Amino acid sequence: MANVNSTTEQIQYQTAAKTLAKTVANKIRYLQTLLNAVQEKDDRLIYQLIDGEHYSSEIMQAKHSTADPSNERLLNDAKAKLSQYLSTNLLAFLKETYPFFYFEQTALGQFQFYFGNWWDRRLFGQLDVLKVQFNFDETEYQKLKKSFELEREKKRLNSDRIAAVSQQTDQLQALIDSQAERDQAKEKIRQQLKQMSQEKVMPWEAAKYKDSKQKLVKRLSDLTDQDEKAQSAYQMIRESEAQILKLSKEDTLIGYEKQSIIAKFGSFENFENRNRSLYRDYIADLIATKGRVKITNE
């Protein structure tokens, strides 16, 4: 019985050893293949190795990937270095494809990008080098998208807001300009109230007298409230003018962005389509150029 147990244990041990050796060998082959790809500057193969599922679905149009995720997880602590290495060719490609995007490195393998090189340009998002995709700032992206949609109405992004603020400014200015008119009205009401206080009121006229007096007092109160608003109107007008200037500047900058997109892609829809196909387009470019380094001087 003891011999049988010993034989079984030995078989289990040998099976486990073979399984482990196969797994380790597989991982060694994976890492060796990756090392060779780096040494041969084969960025296309590197992308396939680090994210086989994405590569299979986008490039090979396969429903299922044969890649081993456990092998890819071996690189978890090297992703920043991988991103840094792969960024060289990718940034060269992106600068040709999106000449209006300007990239800035923020850490090892991490990049953010701006729209345009003009004054007060907007930070437009982050670049994911390993996935070959833009992670747009959603707020800024939606402003740009909305501005294209508003073209059908012959409006700019902030047209309605500027109109509303301008109307408010006009009302405030009218409040200031009508100060003399209000002063005259208030003086007239005070005289009427003074005259009423001196008049003898018959009992059957008491209700009518009270109602008339309340209306005059209410009108005087309203005019006084307008005076108080007029006193702060100058500051409010300055704030409104500053807001209009800010909104107008934003419209101007978005106008530059729209011109840049139209000049390169023809339409915003083409721009969005290119963003969606960016991974496929870049891998195709790597295949066409055989992954050669395309460092450009700026």
Side-chain angles (χ1 to χ4, degrees), residues 1-94 97 103 105-113 125-136 138 274-295:
M1 188 69 178
N3 289 337
V4 172
N5 290 338
S6 176
T7 301
T8 300
E9 291 174 355
Q10 190 164 9
I11 291 173
Q12 290 175 342
Y13 172 78
Q14 291 174 347
T15 300
K18 288 180 180 178
T19 301
L20 177 60
K22 182 178 180 181
T23 300
V24 172
N26 181 48
K27 293 186 183 301
I28 290 173
R29 283 195 297 273
Y30 171 80
L31 292 175
Q32 186 61 56
T33 302
L34 178 63
L35 176 60
N36 292 340
V38 173
Q39 292 174 336
E40 294 172 11
K41 300 180 177 59
D42 190 347
D43 288 11
R44 195 255 350 137
L45 179 55
I46 294 173
Y47 274 108
Q48 182 177 9
L49 290 169
I50 64 176
D51 195 348
E53 183 176 355
H54 191 197
Y55 188 93
S56 294
S57 63
E58 291 289 329
I59 307 304
M60 304 174 71
Q61 304 293 306
K63 293 183 178 179
H64 303 288
S65 170
T66 58
D68 185 347
S70 66
N71 285 343
E72 295 172 6
R73 286 195 289 273
L74 294 171
L75 304 172
N76 282 347
D77 63 348
K79 284 186 175 180
K81 295 183 179 69
L82 271 169
S83 180
Q84 185 68 37
Y85 166 79
L86 291 169
S87 68
T88 299
N89 271 338
L90 178 58
L91 288 176
F93 173 80
L94 293 177
T97 310
F103 298 87
Q105 185 162 358
T106 58
L108 184 68
Q110 296 181 19
F111 300 84
Q112 63 185 16
F113 60 98
Q126 310 292 323
L127 172 65
D128 189 327
V129 175
L130 300 183
K131 291 186 178 298
V132 191
Q133 72 178 23
F134 296 122
N135 295 324
F136 293 106
E138 191 61 24
R274 191 62 190 270
N275 297 339
R276 283 190 285 266
S277 67
L278 182 57
Y279 182 88
R280 295 192 301 274
D281 294 343
Y282 181 54
I283 296 299
D285 181 76
L286 288 176
I287 294 172
T289 61
K290 297 182 179 179
R292 69 175 183 275
V293 179
K294 297 174 287 184
I295 300 176

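What you are looking at is a predicted structure, and each value in this text was computed from that prediction instead of being measured.
- A heavy-atom distance below 4.5 Å is found between the side chains of L75 and L31.
- Side-chain atoms of I50 and L86, non-hydrogen and from C-beta on, do get closer than 4.5 Å to each other.
- Side-chain contact check for Y47 versus L286: some heavy-atom pair is nearer than 4.5 Å.
- Applying side chain to side chain contact (heavy atoms under 4.5 Å, CB included) to I46 and the options L34, L130, D51 leaves one that passes, L34.
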Query - Check against side chain to side chain contact (heavy atoms under 4.5 Å, CB included), L94 and Y282 - result: CA-CA 9 Å; L94 293 177; Y282 181 54; over 6 Å; no

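- Rounding to the nearest 0.5 Å gives a distance of 13.0 Å between NE2 of H54 and CD of Q48.
- Put simply, CD on Q12 and OG1 on T7 are 11.0 Å apart, with the number rounded to the nearest 0.5 Å.
- Of the possible donor and acceptor atoms, one in the side chain of E72 sits under 3.5 Å from a partner among the backbone N and O of G52.
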Report task. Quick one: do I283 and E58 satisfy side chain to side chain contact (heavy atoms under 4.5 Å, CB included)? Show the steps, please. Result -> CA-CA 10 Å; I283 296 299; E58 291 289 329; over 6 Å; no

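- Every residue two or more places apart in sequence or in another chain that forms a side chain to side chain contact (heavy atoms under 4.5 Å, CB included) with N76 is listed here: R73, K79.
- Closest heavy-atom contact between V129 and F111: CG2-CD1, 3.9 Å.
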**Report entry** Step-by-step side chain to side chain contact (heavy atoms under 4.5 Å, CB included) determination, D43 to Y85
**Finding:** CA-CA 9 Å; D43 288 11; Y85 166 79; 3.0 Å; yes

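- Atom OG of residue S83 and atom NZ of residue K131 lie 12.0 Å apart, to the nearest 0.5 angstrom.
- Q126 and D128 form no side-chain donor-acceptor contact under 3.5 Å, judged by distance and modelled atom types alone.
- Between Q133 and L278, every side-chain heavy-atom pair lies at or beyond the 4.5 Å cut-off.
- Taking the six-membered ring for Trp and thresholds of 30 and 60 degrees, F136 and F113 have ring planes more than 60 degrees apart, a perpendicular arrangement.
- Between S70 and K27, the closest side-chain pair of non-hydrogen atoms falls below 4.5 Å.
- The line from CG of L74 to CD1 of I28 is 10.5 Å long, rounded to the nearest 0.5 Å.
- In this structure, CZ on R44 lies 13.5 Å from CG on N89, to the nearest 0.5 angstrom.
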Query raised in the report: Would D281 and V132 count as a side chain to side chain contact (heavy atoms under 4.5 Å, CB included) if you check the C-alpha gap in whole Å, the side-chain angles of each, and the deciding distance to 0.1 Å?
Result: CA-CA 10 Å; D281 294 343; V132 191; over 6 Å; no

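- Annotation: side chain of T33 is in contact with side chain of L45 (closest heavy-atom distance under 4.5 Å).
- Here the CD-CG distance, from Q105 to L127, works out to 10.5 Å after rounding to the nearest 0.5 Å.
- Here the side chains of Q32 and N36 are in contact, with some heavy-atom distance below 4.5 Å.
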